[in-house]
Structures are given as structure tokens and as C-alpha cells.
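Down below is the structure, laid out as C-alpha cells.
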2 protein chains.
Amino acid sequence: MSEVLTRPADICAHHRPNGCTRCKVRLISVCSVLNPSDLSELEAMNRPRKFGVRENIATENETAENVFSITEGMVRIYRMLPDGRRHILGFGLPGDFLGLSLLSMFDFSADAVTDVSVCQFPRKVFASFVDRKPYFLKRLHEFSNNELRLAQHQIVVLGRKSADERVSAFIIMLRDRMRGAGYSSATLPLPMNRQDIADYLGLTIETVSRTLTRLAKEKFILIVPGGVRLLRADRLEEFAAA
Amino acid sequence: MSEVLTRPADICAHHRPNGCTRCKVRLISVCSVLNPSDLSELEAMNRPRKFGVRENIATENETAENVFSITEGMVRIYRMLPDGRRHILGFGLPGDFLGLSLLSMFDFSADAVTDVSVCQFPRKVFASFVDRKPYFLKRLHEFSNNELRLAQHQIVVLGRKSADERVSAFIIMLRDRMRGAGYSSATLPLPMNRQDIADYLGLTIETVSRTLTRLAKEKFILIVPGGVRLLRADRLEEFAAA
DNA sequence: CGTTGAGTTGACCATCGTCAACAGGAGTGG
DNA sequence: CCACTCCTGTTGACGATGGTCAACTCAACG
């Protein structure tokens with residue numbers, strides 16, 4: 001008889017095999033704090049979708065029709081300068097949220113580095129949900145402050161560090177964030193290309209390449225297809241912290 | 001008889017000549033959204049105080065006993081690297097808030113560039129006030145997102161711009177923020193020293209000095225004691241945006 | 001009038017950017 | 001199956017931007 005007594009939420013989850021209750025990133029995403037009833041309400045406004053490699057997800061100075069919670073893949077978040085120079089502000093990983101400010105315009109562009117899956121919510125509907133759930137706003141505020149902390153870390157990296165230190169800091173930062181997103185392996189995948197790394201670190205593609213080669217020659221890392229294996233994480237951490 | 005019929009809030013304001021109702025920065029500070037009753041409640045927990053030049057206001061990795069809303073003066077917000085290098089994350093102006101995350105530890109240090117006046121609130125009491133006032137939390141969230149936007153702007157400056165562009169961007173940014181804080185004049189005060197500017201822009205004191213001299217030689221600025229006069233703001237803006 | 005500290009300027013140098021050539025893998029077509 | 005192209009990444013030679021080190025000016029202060 002226990003089948004019959006199953007709660008409605010569970011029945012829903014059964015009918016939606018990708019429902020929030022089975023979401024792999026729920027505990028690290030903004031949704032983690034939601035009680036079952038509010039989670040259902042939010043799920044009802046979710047239009048999950050996928051983006052292919054290089055597909056555009058959001059564009060700077062365009063109306064933000066939707067906001068996104070990343071569930072799979074990696075996103076490139078960037079701004080363009082008037083003369084065509086690009087700077088990558090960061091890489092979005094599963095659990096990250098795009099559009100935290102809930103403002104009507106994006107102040108960044110975003111596109112898919114790998115195939116990407118997201119929960120997509122109409123911004124206005126999402127914003128009114130947030131207005132009715134102060135404890136959820138608190139969660140968004142935590143996320144914004146965490147983003148701010150990361151941005152300030154990057155400011156120090158760009159303002160005060162050498163190429164070696166920047167590349168080391170990048171590797172360690174990405175390893176830590178991948179761990180936070182549930183990934184764990186001796187080999188760190190680097191699905192973005194060298195130009196992306198350069199545009200993130202304020203270097204050129206040649207300097208990134210040379211620096212990685214140097215770190216490999218000194219046996220701190222091993223360059224493998226699609227990523228790096230960390231051989232001496234301790235030395236990299238020293239460089240990164242410097 | 002109108003004296004007698006004065007509302008209690010006005011009487012309070014009368015007894016507290018520096019009370020919130022007379023606050024010069026109220027409309028641009030976090031407090032702007034508060035209704036009169038909530039404003040009084042917040043005011044009751046305010047311990048206004050002043051900091052002298054170079055006096056420490058907050059220290060990285062120390063317990064955040066208090067949070068601050070700046071009402072007068074300029075604050076230097078920075079992080080130290082293990083080897084003693086310093087990087088300045090930003091300059092706090094009247095209306096800015098220190099401790100937006102409400103976390104128990106500061107992730108930055110702050111000290112006074114000029115004499116500084118602040119509204120000081122015990123963090124825990126302030127946090128519980130925020131918990132009871134969702135519309136105020138929303139205001140803090142707006143402030144955090146604005147800080148994030150500024151930080152990302154600075155990331156682009158540090159990642160992609162030349163010394164000329166950085167110094168121009170600094171001057172224009174400071175002018176815009178001073179305007180936002182109610183200040184307006186053809187002469188922009190630079191109360192921080194050259195080392196501070198260098199540590200903010202990821203340059204050395206010599207490069208900042210040379211760059212300012214160059215901008216002055218080209219008649220874009222005039223260097224005056226304690227600041228600069230903008231002669232060709234349009235040209236500076238071009239450089240800054242580049 | 002000497003001392004101190006901030007700022008400026010000059011000479012030299014190192015790091016990283018620029019430009020160019022080359023290597024290697026993926027995809028395509030004969 | 002191989003030749004060809006394309007694209008990404010690597011490596012080398014050279015140069016420019018900004019850093020380093022040192023000297024000097026100037027104002028504030030005793």
C-alpha cells in the first residue's frame with residue numbers, strides 16, 4: 001500500500017525524471033534552501049533547456065528575459081570593449097546562477113564552452129517569486145556576495161601577479177570550484193581554449209602556452225588532452241597565493 | 001501652536017541634530033528605502049563614530065563585530081598578499097556600506113584616507129533587523145550587485161588596459177562616483193596618495209606619476225594640490241572606455 | 001635651516017606582447 | 001588510404017611597456 005500513500009511531490013518527481021527532487025546540483029544551487037512546497041512552485045516556472053558549444057546564452061545590454069541556473073557544463077561570462085578586445089569575467093559551473101541582480105538588463109554576455117544544461121526561468125516571474133520568499137532572497141544575496149568575493153580575488157590576481165602566478169591561481173581556483181561543484185579527480189579538465197584562459201587572466205595566448213609549458217617542464221603539472229594533471233598542487237598553491 | 005503639534009519623529013530629530021532625518025547621505029545610502037518607523041528602529045542601534053586619517057576601520061580575517069555606513073570622508077578597502085604586496089580593491093565614499101555580506105568575518109581590510117564619519121551598527125543586531133525587513137534586504141542585495149558590477153568593471157580595467165587607460169579610467173570612475181555621492185566640481189579631489197592609486201590600478205607609483213604628468217602635458221588634466229582639474233573630460237572618457 | 005616624506009624624473013632592464021613560423025590532430029575529398 | 005586544409009597550440013626572435021633603482025625637488029615641520 002505504500003505506493004498508494006506516496007506524497008504528491010514524489011508522484012510528480014516520478015513523472016518528471018529530471019525533476020528538482022532528483023537534481024544533481026540542487027544542494028549547491030540557489031534552490032538548496034527551498035522547502036518542498038516552494039521548490040514545486042519554482043519548478044513549475046522552470047523551462048529547462050540545453051545550449052550547444054559556442055551557443056549564446058545571454059548578451060550584454062540586452063533585455064534579460066530569463067535568468068538561469070546552470071545544471072551541467074561550463075559557461076564563459078565576458079564583456080567586450082569598444083575596440084573588440086574581450087575580457088572573460090569568469091567561468092560558470094553547475095550550481096552557478098546567471099542574472100543574480102534580477103535587473104532588466106544583463107551587464108555581461110555568456111555563452112556555452114561545453115554543452116550546457118540550465119534551468120531557465122522568466123525573469124519577471126522569478127523576481128516576483130523572490131519577492132514573496134524572503135528566505136530565498138537571502139540565498140541570492142549570499143550568492144551575490146560570493147560572486148563579489150571571487151571578483152575581488154580576481155582583481156588581486158590581475159592587479160598584482162606575474163604570469164606564472166596567474167596561471168597557477170587559475171588552475172587552483174578552477175580545481176577548488178570544480179570540487180565545490182562535486183567534481184573530483186587528479187586530472188583537471190580545461191574545456192576552454194587557450195584564448196579563453198588568456199582573456200580571463202589578462203595575458204596573451206602565447207604567454208599562457210609558454211607558462212603552461214614551463215610549469216610542465218618543472219613537473220608541477222602534466223599537460224594532457226583537454227586538461228592538466230596536477231603533479232605538485234602544493235607548489236602551484238604557493239605560486240597562486242603569492 | 002504648530003510647535004506643539006510637531007510629530008514625535010521631528011521632536012526626536014530636533015533633539016538629535018545629526019539624526020537620520022537630517023542625514024546628508026540618507027537618500028543615497030542603504031537607509032533610503034526605510035519607512036520612518038523602521039528608520040527610527042535602525043537609528044536606535046546606530047553608534048555613530050569618526051575615524052582619523054590612517055585609522056583602521058576593519059581588518060581582513062578578523063571578526064566583524066560591526067558593519068558601517070559611510071557618511072563622510074574616504075575609505076581605502078584592500079587586501080594584503082602573504083609577501084607584503086597590497087592591492088586596493090576600492091575606495092569607499094559617503095553612502096557606501098562596509099560589510100554587506102553580513103558574514104562573521106571581513107574579507108577585506110579598510111582604513112581612513114581622510115577623516116571619516118560612519119554610522120556603526122553591531123553586526124548581529126543589524127543582521128536580525130535585516131531578517132525582519134525583507135524590503136531592506138532587497139536594498140542590501142542591490143548594493144551587493146552594484147559592488148559586483150564595479151568589481152567586474154575593475155577586472156576589465158586591470159586585465160585589458162594600458163597605464164594611460166587605467167589612470168584615465170580611475171579619474172573618470174572617481175568623478176562619476178563623487179557625483180553620485182553628491183559632490184560636483186570641475187576639480188576632482190584625490191585625497192589618496194600616489195601609492196594608493198598605484199595599488200588600486202596594479203601599477204607602480206612611478207608609472208602613475210609619469211602617466212599623470214603625460215596627461216597634464218597633453219592638457220587633458222591640470223595637476224593641482226590635492227587633486228586634478230579635468231580639462232578634457234571627453235578625451236579622458238575615450239581613453240577610459242577604450 | 002636641517003630633516004622627512006611625497007612626488008617627479010631619468011637610466012636601465014625584465015616581463016610580457018607582437019609577429020612569424022611550425023607542429024599536430026580533425027575533418028574532407030579524391 | 002592518403003593528401004590537403006583548417007584550426008589550435010607551441011616555439012622562437014624581437015621589441016615595447018612598464019618595473020626597478022637612484023637622484024632630485026619641494027613642501028611641511030620642527
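In what follows, chains are A, B, ... by sequence order, proteins preceding strands, each numbered from 1.
Of all non-hydrogen atoms in A:Ala112 and A:Ile57, the two that sit nearest each other are N-CD1, 4.0 Å.
Between A:Lys161 atom NZ and C:dT15 atom P there is a gap of 18 Å when expressed in whole angstrom units. Atom pair B:Leu190:CG and C:dG7:P shows a separation of 10 Å (rounding to whole Å applied). Between the C1' atom of C:dT8 and the CZ atom of B:Arg214 lies a distance of 13 Å, rounded to the nearest Å. When rounded to the nearest whole Å, the span between CG of B:Leu215 and C1' of C:dT8 equals 15 Å. A:Leu201 has its CG atom 15 Å from the C1' atom of C:dG17, to the nearest Å. To the nearest angstrom, P of C:dT15 lies 14 Å from CZ of A:Arg166.
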### Message
Treating primed atoms plus P, OP1 and OP2 as sugar-phosphate and everything else as base, which nucleotides of nucleotides 6-13 of chain D get B, S or - for protein heavy atoms under 4.0 Å?
### Response
--SSBBBB
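Between B:Arg175 and B:Glu237 there is a salt bridge, with a side-chain nitrogen of the basic residue lying less than 4.0 Å from a carboxylate oxygen of the acidic one. Taking a cutoff of 4.0 Å between a charged side-chain nitrogen and a carboxylate oxygen, A:Arg76 and A:Glu55 do not qualify as a salt bridge. Checked for salt-bridge contact, A:Asp164 and A:Arg214 meet the test: a charged N lies under 4.0 Å from a carboxylate O. Salt bridge present: A:Arg160 and B:Asp199 bring a charged side-chain N and a carboxylate O closer than 4.0 Å.
Annotation: A:Phe126 is in aromatic contact with A:Phe97 [ring centroid separation under 6.0 Å].
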